[in-house]
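Ligands are counted one by one from 1 in listed order, and the atoms in each one are counted from 1 as well.
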Amino acid sequence: MIRVAVSGAAGRMGREVMKTIRRTENMELAGAFDIRGEGQDVGDLIQSAETSIIVHRDLEQMLAAARPDVVVDFTVPAAAGDNIKVILRHGARPVVGTTGIDAGTLEEVEALAGQLKTGCVIAPNFALGAILMMRFAAEAARYFPDVEIIELHHDQKVDAPSGTALKTAELVARSRGEFHPDRPAEIEKIPGARGGRFDGDIHLHSVRLPGLVAHQEVIFGGLGQTLTIRHDSISRESFMPGVLIAIRKVMHLEGVVYGLEHLLFD
Ligand code: NAD
């Protein structure tokens with residue numbers, strides 16, 4: 001039985017993770033932490049009967065009371081780094097979905113996990129379909145170097161482009177190698193109309209609208225043909241199989257694994 005606690009328990013992803021843990025064999029929801037909803041029964045947050053697990057506002061207190069094996073963190077980038085370090089120092093293993101954690105924080109976490117000889121997973125995208133989309137896009141870029149990326153997200157997302165779009169652009173750029181497209185000089189009648197540019201000519205476009213969850217199209221153009229690779233997360237449930245894989249695998253890891261793809265393909 002793996003005892004799992006959730007950090008960011010009152011948030012959209014945190015609630016979905018708690019629901020999932022409660023119906024997964026060999027896992028037990030052990031604790032909940034959030035700066036909102038202190039003292040609330042988790043049952044209220046996930047529309048279930050009372051659970052007798054209450055939301056803690058203090059991470060250290062929650063860890064001492066719940067003694068989890070794994071803590072899943074879906075909070076905000078400003079908090080996630082400190083949360084991860086506290087979790088590691090308490091002997092639990094972090095599985096982190098929070099996006100936008102900076103490189104310096106990642107280095108500190110790597111050093112600490114190495115020193116403590118324990119495991120940690122940080123994955124900016126837990127949707128298996130999105131990981132496959134990136135892999136297929138990298139493969140296609142070897143033959144179709146002309147490419148644009150359109151990512152579409154709900155209107156509460158603050159960062160643009162998405163981490164997944166950036167990662168896709170990086171993989172595509174690496175896979176296609178040196179490329180100099182033959183295009184006329186462009187005139188943007190409205191600044192930004194052609195999107196942001198990565199590696200010179202990979203254009204990234206970000207759409208933000210209510211009703212969307214997380215979607216991305218990678219469009220390749222070649223002579224007389226286009227190839228579109230599209231992934232849609234139509235609900236937050238799409239992230240849960242990936243989160244469960246990470247929870248199971250982090251129990252046997254030493255060091256930090258960054259990116260779900262390394263748990264799937266390496
Ligand atoms: P949300 O705003 O619904 O939830 C975030 C929660 O974190 C809130 O309840 C908030 O009170 C809490 N919080 C804020 N600061 C905190 C702190 N210092 N300590 C503890 N809790 C704190 O957001 P969300 O939609 O659940 O997304 C959360 C994060 O997960 C974002 O970074 C988002 O980009 C990311 N995300 C990642 C994936 C993935 O596959 N990796 C998928 C979806 C969302």
**Q.** Working for side-chain contact (heavy atoms from CB on, under 4.5 Å), residues Asn125 and Leu260
**A.** CA-CA 7 Å; Asn125 200 325; Leu260 188 65; over 6 Å; no
Q. What's the verdict on side-chain contact (heavy atoms from CB on, under 4.5 Å) for Thr168 and Glu151, showing C-alpha distance, side-chain angles and the deciding distance?
A. CA-CA 11 Å; Thr168 309; Glu151 55 95 342; over 6 Å; no
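In this model, no donor atom of one side chain and acceptor atom of the other lie less than 3.5 Å apart for His215 and Glu217.
Protein residues having a heavy atom under 4.0 Å from any atom of ligand 1 are Gly8, Ala10, Gly11, Arg12, Met13, Phe33, Asp34, Ile35, Arg36, Phe74, Thr75, Val76, Ala79, Gly97, Thr98, Thr99, Ala123, Pro124, Asn125, Phe126, Phe239, listed by chain and number.
A salt bridge links Arg194 to Glu148: one of the charged nitrogens lies within less than 4.0 Å of a carboxylate oxygen. Salt-bridge formation is detected for the pair Arg176/Asp201: a Lys NZ or Arg NE/NH1/NH2 atom is positioned less than 4.0 Å from an Asp or Glu carboxylate oxygen.
Not a single salt bridge (charged side-chain N to carboxylate O under 4.0 Å, His left out) links Asp41 to another residue, sequence neighbours left out.
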